[in-house]
Number of protein chains: 2
Amino acid sequence: MTSQNNPGRVTEKAAETRSRILNVALDLFRRKGFEQATLREIAAEAGVSLGNAYYYFDSKEALVMAFYSRASDEMAPLIENALAEAKGFEKRVTAILSVKFEYFGPNRAFLGALLRHGADPQNPLSPFGEETRHIRERDMEYFAKALELSRIDVPKDLARCLPKLLWLYQMGLILFWIYDHSDGQQRTAQLRDKSLGLMATALKLAGFPLLRPLRKKLIELVRIAEGEQADA
Amino acid sequence: MTSQNNPGRVTEKAAETRSRILNVALDLFRRKGFEQATLREIAAEAGVSLGNAYYYFDSKEALVMAFYSRASDEMAPLIENALAEAKGFEKRVTAILSVKFEYFGPNRAFLGALLRHGADPQNPLSPFGEETRHIRERDMEYFAKALELSRIDVPKDLARCLPKLLWLYQMGLILFWIYDHSDGQQRTAQLRDKSLGLMATALKLAGFPLLRPLRKKLIELVRIAEGEQADA
DNA sequence: GTCTATATCGGGATAGAC
DNA sequence: GTCTATCCCGATATAGAC
């Protein structure tokens with residue numbers, strides 16, 4: 001078992017080396033893209049041998065996983081703050097999403113390369129996979145909190161699965177954002193605002209008797225999808 | 001310009017060789033996965049030199065693109081038939097999806113690897129990209145036809161963007177299917193049935209005045225997203 | 001135009017010595 | 001923990017047979 005699985009036990013020097021490699025890697029990913037950046041270059045720029053880089057990171061993609069992890073940790077307090085300050089459902093969700101988009105902004109060009117394994121269940125980097133479960137659940141917690149703080153009043157059955165749906169919504173928006181080459185990705189911001197408005201409207205209407213069959217079907221849908229994830 | 005860009009001019013023998021390479025490649029992809037199958041092995045098993053394999057296919061991924069193309073062509077008549085025989089909106093859409101799932105079934109294990117570039121706009125294999133536009137538009141046509149045949153009666157503004165939404169829905173379902181390891185991917189079938197039921201219900205309700213603001217917002221949403229695709 | 005053979009390169013990944 | 005050496009494979013290049 002290599003040291004990246006044992007971060008509590010490592011020596012100061014090891015942690016320093018590991019961190020240096022990761023920093024150089026991310027910098028090169030940003031500057032040249034994921035494919036173009038080579039591990040030889042990363043190792044050289046970090047002042048270690050190629051073999052040593054592999055001692056710390058099992059693969060090139062492990063560097064990406066480490067980036068995910070670090071990002072999740074660093075964004076946590078930012079999101080907590082943003083959540084505390086924002087008022088209302090739409091504002092709160094916007095706050096969460098804004099932290100993410102700002103954090104990932106400089107990495108947008110290579111985020112696509114990161115997420116490209118989204119459709120591959122075997123891949124550790126898949127946002128739906130087992131290895132990313134921790135990050136995913138943390139994200140859902142934010143949305144649960146936003147709903148809770150906003151005292152969103154929807155039928156209980158629906159309320160239960162809203163965090164999951166919001167997380168899925170977030171993934172869709174990030175996907176759009178990666179493809180968005182409008183100035184400053186303003187189109188994504190528009191899409192976010194409009195879709196959140198749509199959602200708020202839908203949530204207000206969710207209690208209407210007319211929509212009951214629709215709601216029941218949606219919940220049944222989520223139940224099936226969840227069953228799938230459970231034994232994934 | 002290599003022969004794959006000039007399929008009308010090739011000799012019988014050339015077409016045979018090209019096809020043989022593609023068949024062997026797909027077989028190996030299925031048996032060993034995309035990564036594990038090597039071009040050297042593909043060439044050897046097809047009885048051609050490595051250089052010759054590259055003569056017909058610019059890259060390993062070009063083999064995948066060729067598979068997409070062939071799949072789209074081979075499924076076209078099947079889908080037309082299925083559409084002609086099925087009655088009602090849900091049955092028709094189910095028919096389209098069933099043809100796809102059956103066709104892709106044997107390749108499910110490596111479809112994930114194929115679609116793994118879905119989130120990378122630079123990649124030719126992206127289902128949202130320029131190189132796959134032809135296939136994508138053909139797919140949307142099927143959904144347009146299913147809607148038309150079923151005389152689905154929804155406000156015109158909504159009707160206009162339904163094929164696009166159904167295509168997106170299809171992509172989501174395929175993604176779920178790739179992750180679905182229930183017996184015979186029955187969960188995907190359940191999800192398909194339930195979600196189509198949900199959609200049918202939603203379409204029936206779409207004309208209600210109560211839902212007008214919701215509908216308008218949805219259409220505005222699609223408009224923004226489309227604008228994005230236009231200059232993509 | 002179709003095909004073989006072979007050499008070469010770049011880069012991810014690994015083995016094993018220290 | 002760190003290194004050097006090596007392997008494997010995708011991709012390219014070249015020279016030539018038919």
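The model shown is predicted, which means the values in this text are computed figures rather than measured ones. Reminder, nothing fancy here: chain letters follow the sequence lines and each chain counts from 1. Both backbone and side-chain heavy atoms feed into the values below; hydrogens, waters and symmetry mates do not.
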| query | Using a distance-only test with no angle check, is there a side-chain donor-acceptor pair under 3.5 angstrom linking B:Y54 and B:S59? | reply | no
| said: Can you tell me if A:Y55 touches the phosphate of D:dG1, counting only side-chain N or O atoms and a distance under 4.0 Å to OP1 or OP2? | reply: yes
| query | Side chains of B:R70 and B:N23: is there a donor and an acceptor less than 3.5 Å apart? | reply | yes
| message | Expressed as a whole number of angstroms, how long is the span from B:L39:CG to C:dG10:C1'? | response | 16 Å
| task | Verify the contact: side-chain N or O of A:T17 to OP1 or OP2 of D:dG1, cut-off strictly under 4.0 Å; return yes or no. | result | no
| note | Rounded to whole Å, CD1 of A:I42 lies from P of C:dA13 at a distance of 11 Å
| task | State which residues pass side-chain hydrogen bond (donor to acceptor under 3.5 Å, both in side chains) with B:K91; sequence neighbours excluded, sorted by chain then number. | result | none
| For B:I21 and C:dT4, what is the distance between atoms CD1 and C1' respectively, to the nearest whole Å? | 13 Å
| task | List the steps and the verdict of side chain to side chain contact (heavy atoms under 4.5 Å, CB included) for B:F143 and B:Q170. | result | CA-CA 10 Å; B:F143 291 119; B:Q170 171 198 244; 3.8 Å; yes
| query | Is the base of C:dG12 touched by the side chain of A:R40 through a donor-acceptor pair closer than 3.5 angstrom? | reply | yes
| Quick one: which of C:dA13, D:dG10, D:dG1 gets closest to the side chain of A:L50? | C:dA13
| Residue-phosphate contact under 4.0 Å: A:T11 side-chain N/O, D:dG1 OP1/OP2 | yes
| query | Out of D:dT12, C:dT4, D:dG1, which has the shortest distance to the side chain of A:Y56? | reply | D:dG1
| query | Tell me: NZ of A:K32 to P of C:dG10, nearest whole Å? | reply | 13 Å
| query | Does a side-chain N or O from B:N52 land closer than 4.0 Å to OP1 or OP2 of C:dT2, or not? | reply | no
| field | Out of C:dT4, D:dT4, D:dA11, whichever nucleotide has its closest atom nearest the side chain of B:V48 | value | C:dT4
| Has A:K13 got a side-chain N or O lying under 4.0 Å from the OP1 or OP2 atom of D:dT2? | yes
| message | At 4.0 Å (heavy atoms only), tell me whether A:T38 reaches a base, stays on the sugar-phosphate, or touches nothing. | response | sugar-phosphate
| query | What nucleic acid atoms does A:A53 come within less than 4.0 Å of, heavy atoms only: base, sugar-phosphate, or nothing? | reply | nothing
| request: State whether A:Y54 places a side-chain N or O below 4.0 Å from either non-bridging phosphate oxygen (OP1 or OP2) of C:dT14. | output: no
| Considering only C:dC3, C:dG12, D:dA11, which nucleotide approaches the side chain of B:K60 most closely? | D:dA11
| request: Find the distance A:Q36:CD to C:dG12:C1' and express it as a whole number of Å. | output: 14 Å
| remark: Between CD of B:E35 and C1' of C:dG12 the distance, given in whole Å, is 12 Å
| message | Side chains of A:T132 and A:Y68: any donor to acceptor distance under 3.5 Å? | response | no
